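Small disclaimer: the values here were computed from a predicted structure and weren't measured.
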Amino acid sequence: MMLRSSSTIAATSVGVCHTQRLWSHSVTLNYRLSQFAGNPLLSNSAFVKWKRSIGSSNKNNRFRMATKALAQPLQNADELIDSVETFIFDCDGVIWKGDSLIEGVPETLDMLRSKGKRLVFVTNNSTKSRKQYGKKFETLGLNVNAEEIFASSFAVAAYLKSIDFPKDKKVYVIGEDGILKELELAGYQYVGGPEDGGKKIELKPGFLMEHDEDVGAVVVGFDRYFNYYKVQYGTLCIRENPGCLFIATNRDAVTHLTDAQEWAGGGSMVGALVGSTQREPLVVGKPSTFMMDYLANEFGISKSQICMVGDRLDTDILFGQNGGCKTLLVLSGVTTLPVLQSPNNSIQPDFYTNKISDFLSLKAAAV
């Protein structure tokens, strides 16, 4: 067996799950843990040394967070634009809210393209495939290619490919159509999904629920058809199928289903399985470094030449910081200015502004 690069060594066997029990409490740690799990070429001593270095690094990170300067309001848009080659945009709360386009987005994207900037759109929402998201952009009047879109549904399939997940194994999906379509495009067998949303369990004396023993991975994403049947089926697969992976698209607490209010996010579905299995999932969406590594390799981008633009501190901004990118927080989504400036908030972006169309107004003000 040959060692893979750091972006694809995430796991080398389906047995990776067994080491992911209560070790990690952050997405980044979870991803890094999987680099050691199931890999006989990485010795126990190497793993111990890595754990010690992480402990030391965490202490240093806490010190840096305590001393890091507060985020600055964006004042010179041209300076930021000229300093990077690529802008990665979150979608919900940045480009749109629910099915409503945020004011000034088309003009802003056109301006950035006219300056030769590469635009990439990354979303933790797994309900749609890349192709389906392309249609949503089109419906909103935005010209975006499917190759520029990276949804967490696609990240699931990309991750399974990166670890050479066996094609004779199945994936049980607690989630919606986007995950199913991306798995199908990648050539993976799946069961579950929306069709299990109508299934019920009749708890009779002596009732034993059966499950498919060929399931080698359980994927949990946002699911509007979530029910007890899915919780039990996924739990059985993870706990009873040897080496079964537990993968989450994201752990977002809330999401924007409409522009009227926040709704419970995919993290609530993931949390149910964490509770029933007592296992921590491997997360492939933001703020995990997997998607950033994939994007950098796919486009040949230097991470220092990327600016991550998002509305969430604990996913978007942390995603950019974990990847070594510049970060811009917009206040058009989840995060408010009081939350950003709260003494309890340790995640500080490089800059913040009200919405991405401020690129235009700040530019005009400078002129």
Side-chain angles (χ1 to χ4, degrees), residues 74 77-78 80-81 84-155 176-179 181-182 185 222 224 250 252 254-263 265 285-286 291 295 298-299 301 306-312 315-316 319-320 328-335 352-365 367:
L74 182 65
D78 281 344
L80 176 59
I81 293 170
V84 297
E85 297 175 355
T86 300
F87 282 89
I88 298 180
F89 292 100
D90 176 47
C91 295
D92 299 325
V94 178
I95 304 298
W96 60 65
K97 270 192 172 184
D99 291 322
S100 300
L101 192 65
I102 294 175
E103 182 184 3
V105 166
E107 296 84 354
T108 304
L109 300 184
D110 288 343
M111 180 272 291
L112 292 173
R113 290 189 191 278
S114 72
K115 288 179 171 287
K117 304 303 175 182
R118 177 187 285 110
L119 307 184
V120 179
F121 302 87
V122 177
T123 175
N124 268 354
N125 192 327
S126 62
T127 59
K128 295 180 175 66
S129 65
R130 291 203 291 179
K131 185 175 180 179
Q132 289 172 317
Y133 269 113
K135 291 181 179 178
K136 177 166 184 174
F137 276 100
E138 184 179 351
T139 300
L140 293 173
L142 300 176
N143 184 22
V144 175
N145 298 322
E147 293 74 22
E148 297 175 310
I149 304 168
F150 287 84
S152 60
S153 53
F154 173 78
E176 299 193 19
D177 195 47
I179 300 174
K181 289 188 179 300
E182 294 293 357
L185 286 172
F222 180 75
R224 286 168 288 190
N250 67 82
D252 292 354
V254 297
T255 189
H256 291 113
L257 296 180
T258 70
D259 59 358
Q261 64 180 173
E262 293 178 349
W263 299 79
K286 298 174 294 184
M291 288 181 76
L295 287 169
E298 180 77 6
F299 291 113
I301 310 169
I306 297 174
C307 179
M308 176 65 209
V309 183
D311 69 313
R312 295 174 186 262
T315 54
D316 301 325
F319 176 63
L328 173 65
L329 176 76
V330 291
L331 304 175
S332 52
V334 170
T335 306
Y352 70 89
T353 194
N354 289 321
K355 53 188 182 298
I356 66 169
S357 60
D358 288 346
F359 277 153
L360 300 172
S361 59
L362 290 173
K363 174 180 169 60
V367 173

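Taking NZ of K117 as the start and CG of L112 as the end, the distance is 8.5 Å to the nearest 0.5 Å. Residue W96 holds its CH2 atom at 10.0 Å from OG1 of T139, rounded to the nearest 0.5 Å. Atom CG of L119 and atom CD1 of I149 lie 11.5 Å apart (nearest 0.5 Å). For the atom pair CD1 of I95 and OG1 of T123, the computed distance is 10.5 Å after rounding to the nearest 0.5 Å.
Within a 6.0 Å radius of NZ in K136, more than 12 heavy atoms belonging to other residues, nucleotides or ligands are found. Atom CD of E262 is surrounded by more than 12 heavy atoms from other residues, nucleotides or ligands within 6.0 Å.
Across all non-hydrogen atoms, the minimal contact from I102 to V94 is CD1-O, 3.5 Å. Counting all heavy atoms, side chain and backbone alike, N125 lies closest to A151 at O-CB, 3.9 Å. Between L101 and L140, the shortest heavy-atom contact is CD2-O, 3.6 Å. Minimum interatomic distance between D311 and D316 (heavy atoms only, all atoms of both residues): N-OD2, 3.0 Å.
No donor-acceptor pair under 3.5 Å is formed between the side chain of T353 and the backbone N or O of V330.
Residue pairs meeting the side chain to side chain donor-acceptor pair (under 3.5 Å) criterion with at least one partner in residues 142-155, sequence neighbours excluded, are R113-E148. Counting only residues at least two apart or in different chains, side chain to side chain donor-acceptor pair (under 3.5 Å) contacts with residues 98-110 comprise S100-D259. The stretch residues 102-123 participates, sequence neighbours left out, in these ring pair (Phe, Tyr, Trp, His ring centres under 6.0 Å) pairs: F89-F121, F121-F137.
Every residue two or more places apart in sequence or in another chain was checked for a side-chain hydrogen bond (donor to acceptor under 3.5 Å, both in side chains) with S357, and none qualifies. With sequence neighbours excluded, the residues that form a side-chain hydrogen bond (donor to acceptor under 3.5 Å, both in side chains) with D252 are N124. Looking at residues two or more places apart in sequence or on another chain, you find a side-chain contact (heavy atoms from CB on, under 4.5 Å) between D177 and Q132, L180, K181. Contacts of V84 classified as side-chain contact (heavy atoms from CB on, under 4.5 Å), with partners at least two apart in sequence or in another chain: F87, C307, K326. For the side-chain contact (heavy atoms from CB on, under 4.5 Å) test, residues two or more places apart in sequence or in another chain that qualify with E85 are Q305. Listed by chain and number, the residues in a side-chain contact (heavy atoms from CB on, under 4.5 Å) with L185 are E182 (sequence neighbours excluded). Shown here are the side-chain hydrogen bond (donor to acceptor under 3.5 Å, both in side chains) partners of D90, two or more places apart in sequence or in another chain: K286. Legend: residues meeting ring-ring contact (aromatic ring centres under 6.0 Å, His included) with F222, ordered by chain and number and at least two apart, are absent. By the side-chain hydrogen bond (donor to acceptor under 3.5 Å, both in side chains) test, T335 is found to be paired with no residue, residues two or more places apart in sequence or in another chain being considered.
Side chains of F154 and S129 form no contact here, defined as non-hydrogen atoms less than 4.5 Å apart. Using a 4.5 Å heavy-atom cutoff, the side chains of N250 and T315 are not in contact.
Using cut-offs of 30° and 60° for the angle between ring planes, the F299 and F150 rings count as perpendicular.
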**Prompt:** After noting the C-alpha distance and the side-chain angles of D358 and L74, does the key distance pass the side chain to side chain contact (heavy atoms under 4.5 Å, CB included) rule?
**Reply:** CA-CA 9 Å; D358 288 346; L74 182 65; 5.5 Å; no
**Request:** List the steps, then state whether side chain to side chain contact (heavy atoms under 4.5 Å, CB included) holds for V122 with L295.
**Result:** CA-CA 10 Å; V122 177; L295 287 169; 3.8 Å; yes
